[in-house]
Amino acid sequence: MQVAVVTFDGFNELDSFIASALINRCRKDGLEAFITTPTPVVTSMNGVEVTGQRPMEFIPEADVVLIGSGVKTRDVVADDRLLAMLPLDPARQLIGSQCSGALVLARLGLLGGMPACADLTSRPYVEACGVTVLDAPFHAEGNIATAGGCLASQYLAAWVITRTLGEEAARGAIGYAAPVGEQQETVDRALRAVRAPESASVPASVPVPVPVLR
């Protein structure tokens with residue numbers, strides 16, 4: 001299973017790299033994320049140059065597509081050429097957005113009537129698209145999810161891992177990266193965020209697997 005982490009020029013490092021790194025904790029189980037870019041090299045909002053691992057042509061074959069955030073997202077949604085590089089199919093792909101990535105999903109008409117999550121800076125622009133923005137870090141309906149706030153990218157990753165490999169795999173990946181001494185509460189919080197409302201009452205305190213260094 002392959003994940004395209006779509007990363008545009010001006011991207012936020014936390015948004016792209018946290019999700020990608022957490023998902024790649026599951027590489028041995030057959031789930032792998034790739035930084036996917038419209039040009040061979042993109043530059044972050046803080047001047048970090050990154051070479052893309054996959055071109056945009058990779059998107060149609062990906063099982064999961066995550067749209068990252070950045071300071072130039074409004075330029076992206078105004079560029080029909082860039083939008084044409086995103087032939088997303090929620091019928092067969094899991095699709096997620098991080099922060100201002102919700103603007104891209106809205107512009108592509110993928111949100112429909114569902115509410116979304118976005119960061120505080122992006123919120124008014126997403127609302128201007130007619131989308132209700134929740135005061136929450138994560139929301140998913142069916143095969144589409146949105147996350148708001150840079151560190152909510154861990155929830156987006158947990159959702160992808162849970163949907164593709166199961167909750168136990170998500171526990172292992174999040175638990176490995178969690179602050180020492182806070183593994184259990186970090187895992188429980190992430191899984192509470194990504195559970196569907198009907199399963200929110202399921203007890204979250206299941207022991208976190210001891211991570212194997214690799």
Side-chain angles (χ1 to χ4, degrees), residues 1-7 14-37 52-69 86-99 101-102 104-105 108 110-111 114 116-117 136-148 151-178 183 186-200 202 204 206-212 214:
M1 293 172 286
Q2 302 183 106
V3 181
V5 181
V6 180
T7 302
L14 294 174
D15 292 346
S16 288
F17 293 156
I18 290 176
S20 177
L22 287 173
I23 291 169
N24 279 329
R25 298 302 313 170
C26 301
R27 189 183 290 117
K28 65 179 179 59
D29 297 315
L31 181 64
E32 189 167 11
F34 301 92
I35 300 297
T36 302
T37 58
Q53 296 172 293
R54 294 289 187 275
M56 299 292 271
E57 288 78 10
F58 167 66
I59 289 174
E61 65 185 83
D63 304 286
V64 182
V65 181
L66 303 181
I67 308 296
S69 182
L86 295 164
L88 306 182
D89 182 0
R92 67 169 189 83
Q93 293 174 314
L94 295 180
I95 298 169
S97 68
Q98 178 65 43
C99 292
V104 178
L105 298 191
L108 293 173
L110 293 174
L111 294 178
M114 73 176 280
C117 298
F138 181 85
H139 180 73
E141 292 184 17
N143 286 348
I144 296 179
T146 58
L151 296 183
S153 51
Q154 64 182 298
Y155 301 151
L156 200 56
W159 176 74
V160 170
I161 297 168
T162 299
R163 287 291 304 270
T164 54
L165 297 176
E167 190 170 288
E168 196 64 19
R171 286 184 177 280
I174 300 297
Y176 185 94
Q183 287 94 337
T186 301
V187 170
D188 290 350
R189 182 173 57 250
L191 292 180
R192 280 196 303 269
V194 305
R195 284 190 176 107
E198 62 269 18
S199 62
V202 176
V206 176
V208 178
V210 176
V212 176
R214 58 184 185 273

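Of all heavy-atom pairs spanning I161 and A173, the tightest one is CD1-CB, 3.7 Å. Nearest heavy-atom pair across C117 and A102 is O-CB, 3.9 Å. Taking all atoms of both residues into account, the shortest heavy-atom contact from N24 to A33 is OD1-N, 2.8 Å. Here the closest non-hydrogen pair linking A177 and L22 is CB-CD2, 3.6 Å. Contact detail for P87 and I59: the closest heavy-atom pair is CD-CG2, 4.2 Å. Closest heavy-atom contact between S69 and C99: OG-CB, 3.4 Å.
Contact of the V65 side chain with the L94 side chain is not registered, since no non-hydrogen atoms from C-beta on lie closer than 4.5 Å. Annotation: side chain of D188 is not in contact with side chain of Q183 (no heavy-atom distance under 4.5 Å). Two residues are said to be in side-chain contact when any heavy atoms from C-beta on lie closer than 4.5 Å; L88 and Q93 meet this criterion. Counting only heavy atoms from C-beta outward, the side chains of L105 and I95 approach each other to under 4.5 Å.
The main-chain N or O of S16 is never found under 3.5 Å from a side-chain atom of S20 such that the two would form a donor-acceptor pair.
For the atom pair CG (L66) and CD1 (I23), the distance works out to 5.0 Å, reported to the nearest 0.5 Å. Between the CD1 atom of I67 and the CG atom of D15 there is a distance of 12.0 Å, given to the nearest 0.5 Å. To the nearest 0.5 Å, atom OG of residue S153 and atom CG of residue L14 are 6.5 Å apart. Rounding to the nearest 0.5 Å gives a distance of 10.0 Å between CZ of F138 and CD of Q98. Expressed to the nearest 0.5 Å, how far OH of Y155 lies from OG1 of T162 amounts to 13.0 Å. Considering CG of L111 and OG of S97, their distance stands at 6.5 Å, rounded to 0.5 Å.
Residues forming a salt bridge (charged side-chain N to carboxylate O under 4.0 Å, His left out) with D63 (at least two apart in sequence, or on another chain): none. With sequence neighbours left out, Q53 forms a side-chain contact (heavy atoms from CB on, under 4.5 Å) with F34, I35. Applying the side-chain contact (heavy atoms from CB on, under 4.5 Å) test to L151 and every residue at least two apart in sequence or in another chain returns I18, Q154. A search for side-chain contact (heavy atoms from CB on, under 4.5 Å) contacts involving A21 returns nothing, not counting sequence neighbours. Among residues two or more places apart in sequence or in another chain, the side-chain contact (heavy atoms from CB on, under 4.5 Å) test is passed with E61 by Q2, F58.
Listed by first and then second residue, the side chain to side chain donor-acceptor pair (under 3.5 Å) pairs involving residues 136-148 are H139-E141, N143-R163 (not counting sequence neighbours).
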After noting the C-alpha distance and the side-chain angles of M1 and L165, does the key distance pass the side-chain contact (heavy atoms from CB on, under 4.5 Å) rule? CA-CA 10 Å; M1 293 172 286; L165 297 176; 3.4 Å; yes
